[in-house]
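First up is the structure itself, then whatever we jot down about it.
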Amino acid sequence: MREPTMMHRVAAEFIGTFWLVFGGCGSAVFAAKYTSADGYAFGIGFLGVSLAFGLTVLTGVYAFGTISGGHFNPAVTLGAALARRVEWRVLPAYWLTQVIAGVAAGLVIYVIAKGREGWTATGNMAANGYANHSPAGYSLLAVVIAEVLLTGIFLLVILGATDTRAPKGFAGLAIGLTLTLIHLISIPISNTSVNPARSTGVAFFNGNEAPAQLWVFWIAPLLGAAIAGAAYPYLFGRHEELADRPVRDETLDAQVRAEDVADARVERGPDPEVR
């Protein structure tokens, strides 16, 4: 079967990222605090929003993982590149696609939400924030620590679940459940980012200082992902853990094989002289 082209891969990343932001942030905007006309609360709350984010990633990975790797997140792409799971050359295209998809999803959420009389976008677009813009008032330092730590763990789970040594067919489930748990932990802290595209997608529609605080939700997730991506090969194996995914190309594989041969020669020592 023909390998996916770059156009196929960015199309998969666009749809998957759009689905993640629309499903996750949309659930927070439309359904988290819904109250019926007769006063009954039918909102899904933190638990429902956490499940929504996890389900979007779970379904997206199973639908598009074999095409693009199912990143849907600039931090995941960076971590995967550092762990040698994806070629560095795809990073700019993936990042640009993910951010555009996130903004497109934010725009659709905004347009739909404006259809409700009296609704205003300011402070109501599920944006991330710290200090006065944290749901529970957590400080900048607390938010940075949480975002770095949780993104790093998220990347370790992704890399482990897609390792060639992992059971086949369960990666999407592990990744989706991990993102659900991450949201259960950190929605009160920062409204949970661990994904710069998700944060960017709604920040400018939300206003209320969300754009000014957006830098945190780029730097912290990227830092956490970079630490995990660089550490994984040293913690659990260098080259043999490369996942069988379409994000691998012949150039990357050839380089890995050449390095494996060189390492084997160093361990074996010099070949005996031929007489």
Side-chain angles (χ1 to χ4, degrees), residues 1 3-4 6 8-9 12-13 16-17 20 53-91 94-95 98 147-183 185 194-195 197 221-264 266-267:
M1 188 172 68
E3 290 291 321
M6 181 58 72
H8 296 146
R9 292 160 69 174
E13 283 298 303
T17 308
L20 185 154
F53 272 101
L55 288 171
T56 60
V57 170
L58 187 154
T59 53
V61 167
Y62 281 122
F64 308 114
T66 55
I67 301 170
S68 69
H71 297 183
F72 319 141
N73 181 340
V76 172
T77 303
L78 176 63
L82 286 166
R84 303 174 64 94
R85 297 292 186 87
V86 66
E87 319 93 294
W88 280 101
R89 65 182 176 84
V90 309
L91 190 143
Y94 271 37
W95 276 21
Q98 290 156 355
E147 289 287 331
V148 170
L149 175 64
L150 293 173
T151 309
I153 293 172
F154 190 39
L155 259 293
L156 290 176
V157 171
I158 291 171
L159 295 172
T162 56
D163 195 306
T164 52
R165 296 164 292 184
K168 304 301 180 186
F170 294 97
L173 188 60
I175 294 166
L177 288 176
T178 300
L179 190 61
T180 299
L181 177 57
I182 286 171
H183 279 78
I185 294 169
V194 302
N195 184 341
L222 291 178
L223 178 58
I227 293 170
Y232 187 90
Y234 293 96
L235 292 172
F236 306 114
R238 291 185 62 84
H239 303 317
E240 68 275 11
E241 84 288 355
L242 284 170
D244 185 19
R245 289 193 173 274
V247 292
R248 293 170 60 191
D249 67 5
E250 293 180 358
T251 302
L252 180 62
D253 285 345
Q255 180 182 352
V256 170
R257 287 193 295 270
E259 291 179 1
D260 285 338
V261 170
D263 290 344
V266 170
E267 292 177 1

pair [X]-[Y]: side-chain heavy atoms closer than 4.5 Å:
X	Y	result
Leu58	Tyr62	yes
Trp95	Leu78	yes
His71	Arg85	no

Within this structure, what is the [atom1]-[atom2] distance for the pair [X] and [Y], rounded to the nearest 0.5 Å?
X	Y	atom1	atom2	result
Tyr232	Leu155	OH	CG	11.5 Å
Ile182	Leu177	CD1	CG	11.0 Å
Asp163	Ile158	CG	CD1	13.5 Å

Handout entry: From CA spacing to verdict: side-chain contact (heavy atoms from CB on, under 4.5 Å), Leu179, Val194
Key = CA-CA 9 Å; Leu179 190 61; Val194 302; 3.9 Å; yes

Could you tell me which non-hydrogen atom of [X] sits nearest to which non-hydrogen atom of [Y], and how far apart they are?
X	Y	value
Ala12	Phe64	CB-CB, 3.9 Å
Tyr234	Ala230	CD1-O, 3.1 Å
Ala228	Gly152	CB-O, 3.3 Å
Ala83	Pro233	CA-CG, 4.0 Å
Ala161	Ala171	O-CB, 3.6 Å

Handout entry: Arg9 side-chain N/O to Pro4 backbone N/O, donor-acceptor pair under 3.5 Å
Key = no

Practice task
Assess the side chains of Ser68 and Glu13: does a donor N or O sit below 3.5 Å from an acceptor N or O?
Solution key: yes

Practice task
Take Phe154 and Leu159 through the test side-chain contact (heavy atoms from CB on, under 4.5 Å) and record every step on the way to the result.
Solution key: CA-CA 9 Å; Phe154 190 39; Leu159 295 172; over 6 Å; no

Fill in the blank from the handout: Residues at least two apart in sequence or cross-chain that pass side-chain contact (heavy atoms from CB on, under 4.5 Å) with Ala75, listed by chain then number, are Asn73, Thr151, Pro196, Pro221, Leu222, Ala225

Exercise for the section: Output all residues satisfying side-chain contact (heavy atoms from CB on, under 4.5 Å) with Leu149, sequence neighbours left out; order by chain, then residue number. Expected result: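 Counting only residues at least two positions away or on another chain, Leu149 forms a side-chain contact (heavy atoms from CB on, under 4.5 Å) with Ile153.
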
Handout entry: Result of checking Val76, Thr17, Thr77 against Tyr94 for side chain to side chain contact (heavy atoms under 4.5 Å, CB included)
Key = Thr77

Exercise for the section: For the residue pair Phe53 and His183, categorise the inter-ring angle as parallel (less than 30°), tilted (30 to 60°) or perpendicular (more than 60°). Expected result: parallel

